[in-house]
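These notes concern the structure reproduced below.
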Amino acid sequence: MAIEENEFIDNRLEKLAGIREMGIAPYPARTPDRLPVEALRSTGETEEVLCTSGRIMAKRKHGKTVFCDITDPTGRIQLFINKKNLDEAGWELLGKLDLGDIVWVSGALFVTRTGELSVRVGTLLLLAKAVRPMPVVKTDADGEVHDAVSDPDFIYRHRCIDLVLNETSKNRFIARSRIVSAIRNYLDSDDFLEVETPVLQQIYGGAAADPFVSHYNSLDEECYLRIATELYLKRLVSGGIHRVYEIGKDFRNEGIDRTHSPEFTQLEIYEAWTDYNGMMKRFEEIVEAGAKAAGVWPVVEFGGHEVDLTPPFKRVPFVPTLHEKSGEELFEWDTERLSALVKSLGLGDDITDRPTLMDKLFDHYVTPHLIQPSFVIDYPVELSPLAKQKTDDPGITERFEPFIVGMELGNAFSEQNDPLYQREVLENQAALSQHRKGVVDQEFLYALEVGMPPTGGLGIGVDRLVMILTGAKNIRDTILFPHLRRDK
RNA sequence: GGGCCGCUAGCUCAGUUGGCAGAGCAUCUGACUUUUAAUCAGAGGGUCGGGGGUUCAAUCCCCCCGCGGCUCACCA
């Protein structure tokens, strides 16, 4: 398929041809020595000839003088290009340059009479000709941005333009990278081992979600993209890797919305000789490390809320809080009455599954109040098949979910390590499952049977944590290339 | 999947109670040797998301479809 034709591209292709006719290679392989733009700026006025390179973002022509603004990731600087300072070829080349082209320049630095530090360009080289125009965004003297590219579809499909034109977007992805580095650094320096477990799995588990299904051609076998790393990581704890974590993509073949992406980044950590209380501390410290890396420690603003990230986070017990916020002793109600209530609240019709009813009611009555960082603790056992029960109350599990600004950021528990109990729960669950009737991960149970020490486990939705720490309102704004329907 | 909103020039957006389609920026031509949303003079640029219907006439009204946004549902 040839490049599309339009007035702008045709015009640039003509200039490109003209440049080649001049004997200039428009896409040279090598960049002569250069300083980053910001390094040049911080040098200030000097007679010394310095070099830099960047993308032409603005061009103001004044006859025999042309001003250009060029940028690189470090900043922006003005070029002062005067016919008398350039050789003839350089001046001719300038006439064939457009906004978006990537150039290299050398020259002394001086301040113009309007006070702008500028490169008095003596040599001008083309490093890459842009044949497709980029939208032009201008900022006026008051700092007001005009014609910003804001169409989300355009931004998601053409992230390269978003990153060049939208500073907040670029900074958010830089922050994301630093947050993830800080988390790794925190865990690595506390003797955790980072591992990689299979993405393609024959038996998927560790969560309740529909998987993406694929196929091994050479084995002629169905396989699944993982929905969680949990079961593999616990096998490693059994194997004596007592502090272990993985950061990677999980895939869930379910709805896409503001807080759900079918392909998302999950951090799971497992630590022997501790329990869910230990995991609460880990979560608090991970948030602290991330917030410091993002430069929002200890208070971050999100959606009009001042969120205080200072530990300890509030502990919110599931059942008492549900009773308090709803004003009813819901846990004492029979299933029929709960179902009717859920229906009357418009949360779903004909739900007869007790755990699901409880979950919905909790989401309705409690979750919206969890603005400041909170751990919802002590979930009913029915909601938590992989968690250990409390010794003094087998109806409650040692489990928590962290919430910030009403958003669930993860899930953690004192891991169930009783192999007989775990087998029973998983087999019962599998018998009821629509997707994989009777399928139980025997290797996981094998590992528990061999013996797994008391262990705390914690999963964190990394994209959502990045949302909180960078103010992103949609999970897609934390993912460089979010999934979109085919563009037709 | 449901509801609501949107799709007009390369970009940001007006607009037409149904009657030859508009602006700013960008582009092209010209002027200009310290400008910075440069300025001035001129020019070009559109399948008004796609298809069907109603009508003398549809970008506008109706139906279907596509893509997107918000939201509800689903989602450990």
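Order of the sequence lines fixes the chain letters, A, B, ..., with proteins taken first and strands second; residue numbering starts at 1 for each chain.
With hydrogens and angles ignored, no donor-acceptor pair closer than 3.5 Å exists between the side chain of A:Thr65 and the base of B:U34. For A:Glu116 against B:U35, a side-chain-to-base donor-acceptor contact under 3.5 Å is absent. A donor-acceptor contact under 3.5 angstrom links the side-chain atoms of A:Glu7 to the base of B:G44. One N or O donor and one acceptor, one from the side chain of A:Asp257 and one from the base of B:C74, sit under 3.5 Å apart. Judged by atom type and distance alone, A:His260 reaches the base of B:C75 through a side-chain donor-acceptor pair under 3.5 Å. Side-chain atoms of A:Asp151 stay outside donor-acceptor range of the base of B:G68, with no qualifying N/O pair under 3.5 Å. For B:U36, the base has a donor-acceptor partner in the side chain of A:Thr114 [N/O atoms by modelled type, under 3.5 angstrom].
Atom name C1', nucleotides B:G18 and B:C60: the rounded distance is 6 Å, in whole Å. When the C1' atom is compared between B:C20 and B:G53, the two are found 24 Å apart, to the nearest whole Å. Across B:U39 and B:C25, the matching P atoms stand 7 Å from one another, rounded to whole Å. B:G52 sits 23 Å from B:G68 when the C1' atoms are compared, rounded to a whole Å. Taking atom P in both B:U54 and B:C13, the straight-line distance is 36 Å, to the nearest Å. Taking atom C1' in both B:A14 and B:C74, one finds a spacing of 40 Å when rounded to whole Å. On the P atoms, B:A23 is 11 Å away from B:A43, given to the nearest whole Å. Look at the P atom in both B:G69 and B:C64: the space between them is 22 Å, to the nearest Å.
Nucleic acid contact for A:Lys15: sugar-phosphate only, since backbone atoms but no base atoms lie under 4.0 Å from a heavy atom of the residue. Across all strands, A:Tyr379 comes closer than 4.0 Å to no nucleic acid atom at all (heavy-atom distances). Residue-level contact check: A:Ser150 touches the backbone only, with heavy atoms under 4.0 Å from sugar-phosphate atoms and none from bases. Backbone-only contact: A:Arg258 has heavy atoms under 4.0 Å from sugar-phosphate atoms and none from a base. Residue contacts shown for A:Lys61 include a base, since a base heavy atom lies under 4.0 Å away. Within the 4.0 angstrom heavy-atom criterion, base atoms lie near A:Phe110. Among the atoms of the strands shown, none is found under 4.0 Å from any heavy atom of A:Asp69. Within the nucleic acid shown, A:Lys360 comes within 4.0 Å of sugar-phosphate atoms alone, with no base atom in reach, counting heavy atoms only. A:Asn11 comes within contact range of the sugar-phosphate backbone alone, with a heavy-atom separation under 4.0 Å but no base atom that close. The residue A:Thr139 sits close only to the backbone: its heavy atoms come under 4.0 Å of sugar-phosphate atoms, none of a base. The residue A:Glu408 sits close only to the backbone: its heavy atoms come under 4.0 Å of sugar-phosphate atoms, none of a base. Within 4.0 Å of A:Glu254, counting heavy atoms only, lie sugar-phosphate atoms of the nucleic acid but no base atom.
Distance, A:Lys59 NZ to B:U33 P: 17 Å, rounded to whole Å. Rounded to whole Å, atom C1' of B:A38 lies 14 Å from atom NE2 of A:His146. When rounded to the nearest whole Å, the span between CZ of A:Arg464 and C1' of B:A76 equals 11 Å. Taking atom CG of A:Asp147 as the reference point, atom P of B:C25 lies 9 Å away to the nearest angstrom. Rounded to whole Å, the distance from CG on A:Asp210 to P on B:G1 is 15 Å. A:Lys84 has its NZ atom 10 Å from the P atom of B:U34, to the nearest Å. Here the P atom of nucleotide B:A26 and the CG atom of A:Leu165 are 14 Å apart, to the nearest Å.
Comparing A:Pro152 and A:Pro385, the nucleotide of RNA chain B nearest to each residue sits closer to the 5' end for A:Pro152. Residue A:Val149 is the one, among A:Val149 and A:Glu401, whose nearest nucleotide of RNA chain B lies closer to the 5' end (criterion: closest heavy atom).
A:Asp418 has no carboxylate O lying under 4.0 Å from a charged side-chain N of A:Lys388, or vice versa, which leaves the two without a salt bridge.
Judged purely by distance below 3.5 Å, without hydrogens or angles, the side chains of A:Tyr156 and A:Asp477 pair a donor atom with an acceptor atom. If you check the side chains of A:Tyr276 and A:Asp378, you find a donor sitting under 3.5 Å from an acceptor. For A:Gln442 and A:Arg423, the side-chain atoms include at least one donor-acceptor pair closer than 3.5 Å. Of the N and O atoms on the side chains of A:Ser106 and A:Thr123, at least one donor lies less than 3.5 Å from an acceptor on the other residue.
When the options A:Lys59, A:Arg60, A:Lys138, A:Arg55 are evaluated for a salt bridge (charged side-chain N to carboxylate O under 4.0 Å, His left out) with A:Asp69, the one that passes is A:Arg60.
A:Met280 places a side-chain heavy atom less than 4.5 Å from the side chain of A:Ile377. Side-chain contact between A:Leu445 and A:Pro419: absent, with no pair of heavy atoms (C-beta onward) separated by less than 4.5 Å.
Remark: A:Arg485 is in phosphate contact with B:G68, judged by side-chain N or O atoms under 4.0 Å from OP1 or OP2. Phosphate contact (OP1/OP2 of B:U35, side-chain N/O of A:Arg60, threshold under 4.0 Å): absent. OP1 or OP2 of B:A38 sits under 4.0 Å from a side-chain N or O of A:Lys138. OP1 or OP2 of B:U35 has at least one side-chain nitrogen or oxygen of A:Arg113 nearer than 4.0 Å. The side chain of A:Asn6 contributes no N or O atom lying less than 4.0 Å from OP1 or OP2 of B:A9.
Annotation: cation-pi geometry satisfied between A:Arg120 and A:Phe80 (NZ/CZ under 6.0 angstrom from ring centroid, within 45° of ring axis).
Each of B:C28, B:G69, B:U35 was ranked by its minimum atom distance to the side chain of A:Asp98; first place goes to B:C28.
No donor-acceptor pair closer than 3.5 Å links the side chain of A:Lys234 to the backbone N or O of A:Ala447. Panel note: side chain A:Asn417, backbone A:Met452; a donor-acceptor pair is recorded below 3.5 Å.
RNA chain B contains the following stems of three or more consecutive Watson-Crick or G-U pairs, with both distances under 3.5 Å: B:1-7 with B:66-72, B:10-13 with B:22-25, B:27-31 with B:39-43, B:49-53 with B:61-65.
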